[in-house]
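Working notes, structure below.
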Amino acid sequence: MAYKVWVCGCQAPAPAENGFASSIHLSNNDFVMSVSTSEVGQAWHEVQRLVPDELIAPNGLAPGSGLSRITQSGLVALPPRLRGHLEIPGVAFTIPEQEFSARFTEGGILLESHPEHSWPKILIDLLPEGDVKNFAIGPSDNTVRGELLRTRVVFFMGAAKTWFFHLNDSILQGQRKTEHRSETDETELLYRAKIYRKLTYLEEYFDLRFLLPATISSEEVQRIETIFRGITEGEFRGRATAMSFKLLPSMIDLSKPPFSGIGEFSYEVEAPVKLFDQQVPAGRITVHLEKTELASPRVAEHIRKGSTEPIEVRFEVLDNQVVYRFEDYVRQSRQNLRQQLDQFKQGIALEEPQELVDLVDEPLQSDVSKLEASQIAMGWTFYSNLPDRYCPQDPEIDQSTGHWRVPIWLVYANGEGGHVGDLLIHKKTAVILSHTSIEELRSKAMALAETMLHAG
């Protein structure tokens, strides 16, 4: 592993070994994203992979839907070998026939498929009279392809007005009473679909095959997005409220920013990125914080004691902006990187609607919350050298732009004050799009103070 550290443009000595760590734990020289973003509502949602998609709840099918021919004869009369398949009219792919087993439950009969080639598992819970109590589609294995296929099938079933389930010589016709999924179900499905399509691209690009855990953590979701954007954009901006790095004391100069005050910090690492069970060869990566300050109070104590051991150093990111630069991909043209991604999208578009295909381009990180917008505005007052009486107020969505507008007030200790300016913060990227100039802020503040003085 090779890496360098720059502080305010000054290159520090490069030690022999080290790693880039998350703000919560260090991970044996792995490249890890900061996970402190959840502190201000920047959650990267984790995914529970083993939960089946319950597509049909009680009364979710049209009257008379069921597999009465199977249940009327009883389980003992069933053929020893059941074969079935799901048919969704109008889709661009074919769901292969699967082998099924059947068993009695307390409430009826449970049919369960045993699919091959990563196709999703089908679970059908039948009432004694043959009506469908529940129809669920779950994972058949822990592969990325398995989850891609599952989200594809679930999406089409939810969008279809009618679909059919064939089991030996019986047919179940499914017809939803409700026209659309609930907003919560739709959001969750599309979020998972984004993750698995981006992972599919990473598998194809690096010729890897990931084995997925039961729960995909928020840290892993962050890594997926970082690697994906790095190899498709080269350089990009992400969001974080804080980041931590494991540094040797020789890298730290307490007399210079960002260790002595607000400044810049860059960190470069060249090592495979650990993602699930694989090491992803992403090449040399530079992480740059433009407006940051030290947030680890014990750093100075370690330095004064003459410690030579690596120290976990935490930085507050005052503007919530982190610049990632994947050096091997920055050297390639953006057009070439985009062309490779477009070819991938064209391939999956042969079997998926454009709505699913376009999810590849959408971010996994949630939009900027009101709390995060407040934190960014407060950070702006710090690095703009405004006195603490300049206070951001509650952000509101600007009706003309759709972004966060944060009023800046001049507030005195007695609670009196007034509006002196505004910040406009991008709702997705957290970039400050515009703000009242410092000169205008100060001018309005002086006029307000004078008015308040005369009023008193």
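Reckoned from all heavy atoms, side chains included, excluding hydrogens, waters and symmetry mates.
Using a 4.0 Å cut-off between charged nitrogen and carboxylate oxygen, E293 and K291 do not count as a salt-bridge pair. Remark: D394 does not engage K370 in a salt bridge, criterion side-chain N to carboxylate O under 4.0 Å. With respect to K246 and E312, no salt bridge is recorded, no charged nitrogen being found less than 4.0 Å from a carboxylate O. A salt bridge between E219 and R223 is absent, with no side-chain N of the basic residue lying under 4.0 Å from a carboxylate O of the acidic one. A salt bridge is absent between R145 and E203; no separation between the charged side-chain nitrogens and carboxylate oxygens falls under 4.0 Å. E362 and K428 are not joined by a salt bridge, as no carboxylate oxygen comes within less than 4.0 angstrom of a charged side-chain nitrogen. A salt bridge is absent between E301 and R304: the closest approach of a Lys/Arg side-chain nitrogen to an acidic carboxylate oxygen does not fall below 4.0 angstrom.
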Apply side chain to side chain contact (heavy atoms under 4.5 Å, CB included) to F276 and I216, showing your working.
-> CA-CA 9 Å; F276 305 124; I216 300 179; 4.0 Å; yes
Go through the steps for L448 and Y412 under the test side chain to side chain contact (heavy atoms under 4.5 Å, CB included), then give the verdict.
-> CA-CA 11 Å; L448 179 61; Y412 287 90; 5.9 Å; no
Take S443 and E440 through the test side chain to side chain contact (heavy atoms under 4.5 Å, CB included) and record every step on the way to the result.
-> CA-CA 5 Å; S443 175; E440 185 178 349; 5.5 Å; no
Pair F265-H288, ring-ring contact (aromatic ring centres under 6.0 Å, His included): steps then yes or no = CA-CA 6 Å; F265 182 83; H288 183 68; 8.8 Å; no
Would you check, one step at a time, whether the test salt bridge (charged side-chain N to carboxylate O under 4.0 Å, His left out) holds for R152 with E147?
-> CA-CA 8 Å; R152 179 185 296 172; E147 293 299 340; over 6 Å; no
For side chain to side chain contact (heavy atoms under 4.5 Å, CB included), just list the numbers for V47 and I195, CA-CA rounded to whole Å, side-chain angles, deciding distance to a tenth of an Å, and then say yes or no.
-> CA-CA 9 Å; V47 173; I195 291 176; 3.5 Å; yes
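Residue R389 places its CZ atom among 12 or fewer non-hydrogen atoms of other residues, nucleotides or ligands, all under 6.0 Å distant. Enclosure of atom CD in Q335 is not indicated, since only 12 or fewer non-hydrogen atoms of other residues, nucleotides or ligands lie within 6.0 angstrom. Atom CG of D388 sits in a sparse spot, with 12 or fewer heavy atoms from other residues, nucleotides or ligands closer than 6.0 Å. Heavy-atom neighbours of R298 CZ from other residues, nucleotides or ligands within 6.0 Å: at or below the threshold of 12. Applying the 6.0 Å contact sphere to CD of E396 captures no more than 12 heavy atoms from other residues, nucleotides or ligands. Residue E204 places its CD atom among more than 12 non-hydrogen atoms of other residues, nucleotides or ligands, all under 6.0 Å distant. Counting heavy-atom neighbours within 6.0 Å of H419 NE2, excluding the residue itself, gives a total above 12.
Of all the heavy atoms in H85 and P96, the pair that sits closest is CB-O, 4.0 Å. Residues G421 and T436 come closest through the heavy atom pair CA-OG1, 3.3 Å. The two residues I311 and P249 come nearest to each other via the heavy atoms CD1-CG, 4.0 Å. When all heavy atoms of K444 and V420 are compared, the closest pair comes out as CD-O, 3.2 Å. Scanning both residues, A282 and V273, for their nearest heavy atoms gives CB-CG2, 3.9 Å. Here the closest non-hydrogen pair linking S118 and D141 is OG-OD2, 2.7 Å.
For the atom pair CG of L356 and CG of L190, the computed distance is 7.0 Å after rounding to the nearest 0.5 Å. Atom-to-atom distance recorded for E54:CD and F135:CZ is 12.5 Å, nearest 0.5 angstrom. Here the straight-line distance linking atom CZ of R237 with atom CZ of R325 works out to 13.0 Å at 0.5 Å rounding. Residue R239 holds its CZ atom at 8.5 Å from CD of Q321, rounded to the nearest 0.5 Å. Put simply, CG on L359 and CZ on F155 are 8.0 Å apart, with the number rounded to the nearest 0.5 Å. How far CG of L350 is from CD1 of I348: 9.5 Å, rounded to the nearest 0.5 Å.
In terms of modelled atom types and a separation under 3.5 Å, the side chain of Y267 and the main chain of L289 share no donor-acceptor contact. Remark: side-chain polar atoms of T292 are paired, donor with acceptor, to backbone N or O of E316 under 3.5 angstrom. With hydrogens and angles disregarded, a donor-acceptor distance shorter than 3.5 Å links the side chain of S307 to the backbone of E309. Of the possible polar contacts, one joining the K194 side chain to the P363 backbone as a donor-acceptor pair under 3.5 Å is found. Of the possible donor and acceptor atoms, one in the side chain of S113 sits under 3.5 Å from a partner among the backbone N and O of I122.
Between L199 and F228 the shortest side-chain heavy-atom distance does not fall below 4.5 Å. Under the 4.5 Å side-chain criterion, counting only non-hydrogen atoms from C-beta, L248 is not in contact with T308. Two residues are said to be in side-chain contact when any heavy atoms from C-beta on lie closer than 4.5 Å; I95 and L149 fail this criterion. You'll find the side chain of P353 reaches within 4.5 Å of the side chain of F156, heavy atoms only. Side chains of I285 and E270 form no contact here, defined as non-hydrogen atoms less than 4.5 Å apart. Under the 4.5 Å side-chain criterion, counting only non-hydrogen atoms from C-beta, T226 is in contact with F326. Between I252 and I303, some side-chain heavy-atom pair lies under the 4.5 Å cut-off. By the 4.5 Å heavy-atom criterion applied to side chains, Q393 and I408 are not counted as neighbours.
Under the 6.0 Å distance and 45° angle rule, R229 does not count as a cation-pi partner of Y324.
With hydrogens and angles left out, the side-chain atoms of T215 and Q48 include a donor and acceptor closer than 3.5 Å. Donor-acceptor pairing under 3.5 Å is lacking for the side chains of R150 and S140. For the residue pair Q222 and E220, no side-chain donor N or O sits within less than 3.5 Å of a side-chain acceptor on the partner. Side-chain atoms of D398 and T401 include a donor-acceptor pair closer than 3.5 Å.
Between Y205 and Y329, the angle of the ring planes lies from 30° to 60°, which puts this pair in the tilted group. Between H435 and W380, the angle of the ring planes lies from 30° to 60°, which puts this pair in the tilted group.
Checking L208, T200, L202, L211 one by one against V144, the side chain to side chain contact (heavy atoms under 4.5 Å, CB included) holds for a single residue, T200. Shown are N320, T241, D319; of these, the side-chain hydrogen bond (donor to acceptor under 3.5 Å, both in side chains) with Q375 is made only by N320. Screening K345, R338, Q346 for a side-chain hydrogen bond (donor to acceptor under 3.5 Å, both in side chains) with D342, the sole residue that qualifies is R338. Considering V280, N142, T143 as possible partners of F210, the one that fulfils the side chain to side chain contact (heavy atoms under 4.5 Å, CB included) test is V280.
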